[in-house]
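In what follows, every chain begins at residue 1, and chains take the letters A, B, ... in the order their sequences are listed. In this text, all values refer to a predicted model and were calculated from it rather than measured experimentally.
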Amino acid sequence: NAGVTQTPKFRVLKTGQSMTLLCAQDMNHEYMYWYRQDPGMGLRLIHYSVGEGTTAKGEVPDGYNVSRLKKQNFLLGLESAAPSQTSVYFCASRQGGSSYEQYFGPGTRLTVT
Amino acid sequence: EDKVVQSPLSLVVHEGDTVTLNCSYEVTNFRSLLWYKQEKKAPTFLFMLTSSGIEKKSGRLSSILDKKELFSILNITATQTGDSAVYLCAGAGGTSYGKLTFGQGTILTVHP
């Protein structure tokens, strides 16, 4: 099992450009999450999904959109990138129920110039 | 607003030392406290604690939760250079989507 994978691993964007980050999980998990990690601020939730076809806003959703058309995939889009979106982005998944353990992907380092 | 605070923010020790990392939390409808280890890439799961006073152990790592005082500690005995990492704790609240609120992390550096 690959677990949670993310593509790309690195990306540099110019201000105003758009891009999509792809997250895939092969554990048949219901829940998926997108976080960003900035120095000194821990992991902050951007958007999440509780199942195929459903998405919802997390703590810091502005400037991002998401889609979950297939259970195994969760896409994070930046429509018009800003330097404030320079960060490391992590995707995570979780089975559900009483276990709160989330499994994380390897991350995408995004720089917006 | 839910809040998780870790201390110290960074720690430098030598191999063989024992370290204690602290995590205090204020989480609405608290359910569990989780510890993760983050090296260069993805956070990897260490422990999930749900009951107060019951220690969880894995090798040289152990953790305990105090639900009355709202904190948890992670102990690492006989540290090795491979223990160098960022240690994250997260509080799980009773939301419908399994929200985790993360602390800032403790950066542990173990010198040979």
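- Proximity to chain B is limited to the backbone of A:S98, based on heavy atoms less than 4.5 angstrom apart.
- Considering all non-hydrogen atoms of both residues, A:E101 and B:M48 come closest at N-SD, 4.3 Å.
- Per-residue heavy-atom pair counts under 4.5 Å with chain A were compared for B:L88, B:L34, B:L100, and the maximum is reached by B:L100.
- With a 4.5 Å cut-off on non-hydrogen atoms, A:L45 touches chain B through its side chain but not through its backbone.
- Between the side chain of A:Y33 and the backbone N or O of B:K99, no donor-acceptor pair lies under 3.5 Å.
- For B:E26, the CD atom is loosely surrounded, since the number of other residues' heavy atoms within 6.0 Å does not exceed 12.
- More than 12 heavy-atom neighbours from other residues, nucleotides or ligands sit within 6.0 angstrom of CZ on B:R60.
- Among all heavy-atom pairs drawn from A:P106 and B:A42, the shortest one is CA-CB, 4.0 Å.
- Under a hydrophobic clustering in which Ile, Leu, Val, Met, Phe, Trp and Tyr are joined whenever their side-chain heavy atoms come within less than 4.5 Å, directly or via other members, B:V4 and B:Y36 fall into different clusters.
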Evaluate A:F104 against B:F45 for side chain to side chain contact (heavy atoms under 4.5 Å, CB included), listing each step before the verdict. CA-CA 9 Å; A:F104 284 84; B:F45 173 75; over 6 Å; no

Evaluate A:F90 against B:K41 for side chain to side chain contact (heavy atoms under 4.5 Å, CB included), listing each step before the verdict. CA-CA 9 Å; A:F90 287 100; B:K41 294 186 176 180; 5.6 Å; no

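- Contact detail for B:Y97 and A:R94: the closest heavy-atom pair is O-NH1, 3.6 Å.
- Atom CD in A:Q37 sits 12.0 Å away from atom CD in B:Q104 (nearest 0.5 Å).
- By the rule that hydrophobic residues join a cluster once side-chain heavy atoms approach within less than 4.5 Å of another member, A:L43 and B:V86 end up as members of one cluster.
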Is there a side chain to side chain contact (heavy atoms under 4.5 Å, CB included) between A:R44 and B:F102 once you walk through the steps? CA-CA 7 Å; A:R44 293 182 293 167; B:F102 284 87; over 6 Å; no

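- No part of B:Q6 comes within reach of chain A, as not one of its non-hydrogen atoms sits under 4.5 angstrom from that chain.
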